[in-house]
**Q** 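Structure below; questions to follow.
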Amino acid sequence: MTFDFYYSIWRNNQHIPPIDDCYAMNVTPDSTNIYYYSDFPFVKIIGENKFELYEDIPIEGSEAFAIRGNDVLFSQDYDAKPEVYLYSLLD
């Protein structure tokens, strides 16, 4: 599968920014999840034309994440502290 996300997308009054630099990607049986530079949104791609956008992720520059249900565990950010961050997609 080839994934092209070159142009920013407007859908349902949501602006999905273009990917300048993909920091991390995780694929589950239900979705493809990406975290990338262009203000660091988290995007959950569900099927061919459906997505969920999360723009208020409180960290910047995490290079890895794990996802289970609505919880996302991010590795350290630009501050490079030896910490992980648990983020709920519901909050």
Side-chain angles (χ1 to χ4, degrees):
M1 177 173 93
T2 301
F3 182 68
D4 185 1
F5 212 78
Y6 179 73
Y7 300 100
S8 60
I9 297 170
W10 282 92
R11 199 172 283 152
N12 299 329
N13 292 324
Q14 287 185 307
H15 177 246
I16 307 298
I19 296 174
D20 294 323
D21 187 5
C22 188
Y23 276 51
M25 180 170 76
N26 191 308
V27 179
T28 71
D30 302 320
S31 63
T32 299
N33 307 279
I34 54 175
Y35 174 77
Y36 61 93
Y37 178 71
S38 191
D39 294 328
F40 294 105
F42 182 83
V43 179
K44 180 183 271 195
I45 303 166
I46 308 162
E48 190 172 321
N49 292 311
K50 185 176 177 188
F51 60 85
E52 296 173 2
L53 171 67
Y54 302 92
E55 295 182 279
D56 297 325
I57 305 298
I59 65 168
E60 294 183 345
S62 175
E63 294 181 355
F65 68 88
I67 185 167
R68 182 174 183 203
N70 290 308
D71 294 322
V72 183
L73 186 66
F74 288 95
S75 69
Q76 64 195 31
D77 62 3
Y78 280 143
D79 290 335
K81 298 174 193 169
E83 300 176 339
V84 293
Y85 303 89
L86 181 60
Y87 180 77
S88 173
L89 298 177
L90 299 177
D91 298 332

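These numbers come from the heavy atoms of this one structure, side chains and all, not from hydrogens, waters or symmetry mates. None of the values given here were measured: they were computed from a predicted structure.
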**Q** With sequence neighbours left out, write down each residue that passes side chain to side chain donor-acceptor pair (under 3.5 Å) with S62, or none if nothing qualifies.
**A**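 If we apply the side chain to side chain donor-acceptor pair (under 3.5 Å) test to S62, skipping adjacent residues, the hits are S75.
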**Q** Flag yes if more than 12 heavy atoms outside D56 fall under 6.0 Å of its CG atom; otherwise flag no.
**A**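 No.
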**Q** What's the spacing between K44 NZ and N70 CG if we round to 0.5 Å?
**A**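 CG of N70 is found 5.5 Å from NZ of K44.
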**Q** If I compare all heavy atoms of S38 with all of P18, which pair ends up nearest, and what's the gap?
**A**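 Shortest heavy-atom contact: CB-O, 3.0 Å.
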**Q** Between V84 and I59, is there shared hydrophobic-cluster membership here, with clusters defined by ILVMFWY side-chain heavy atoms closer than 4.5 Å?
**A**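 No, no single cluster joins them.
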**Q** Any chance you could lay out the side chain to side chain contact (heavy atoms under 4.5 Å, CB included) test for L86 and D71, step after step, and finish with the verdict?
**A** CA-CA 7 Å; L86 181 60; D71 294 322; 4.0 Å; yes
**Q** Determine whether F51 and Y36 fall in the same hydrophobic cluster, where Ile, Leu, Val, Met, Phe, Trp and Tyr are linked whenever their side-chain heavy atoms lie under 4.5 Å apart.
**A**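 Same hydrophobic cluster.
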**Q** For residues E52 and I46, determine if any side-chain heavy atom of one lies less than 4.5 Å from a side-chain heavy atom of the other.
**A**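 When only atoms from C-beta onward are counted, I46 and E52 do touch, with a gap below 4.5 Å.
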**Q** So that I know where these two stand, are F65 and Y23 an aromatic pair - ring centroids less than 6.0 Å apart?
**A**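 When the ring centroids of F65 and Y23 are compared, they turn out to be at least 6.0 Å apart.
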**Q** Under 4.5 Å between side-chain heavy atoms, counting indirect links through other Ile/Leu/Val/Met/Phe/Trp/Tyr residues: same cluster for Y87 and Y35 or not?
**A**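 Yes, same cluster.
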**Q** State, yes or no, whether a side-chain contact exists between Y54 and N33 at a heavy-atom distance under 4.5 Å.
**A**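 Answer no - side chains too far apart.
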**Q** Just by distance, do the side chain of Y85 and the backbone of I57 share a donor-acceptor pair under 3.5 Å?
**A**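 Absent.
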**Q** Check whether V72 and I19 end up in the same hydrophobic cluster, where Ile, Leu, Val, Met, Phe, Trp and Tyr are linked by side-chain heavy atoms less than 4.5 Å apart.
**A**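 No.
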**Q** Do F42 and I34 belong to the same hydrophobic cluster, where Ile, Leu, Val, Met, Phe, Trp and Tyr are linked whenever their side-chain heavy atoms lie under 4.5 Å apart, directly or via other members?
**A**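 No: no chain of side-chain contacts under 4.5 Å links F42 to I34.
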**Q** Would you find more than 12 non-hydrogen atoms of other residues, nucleotides or ligands less than 6.0 Å from D21 atom CG?
**A**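 Enclosed.
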**Q** For N26 and A66, which heavy atoms make the closest approach, and how far apart are they?
**A**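 Heavy-atom minimum between the residues: ND2-CA, 3.9 Å.
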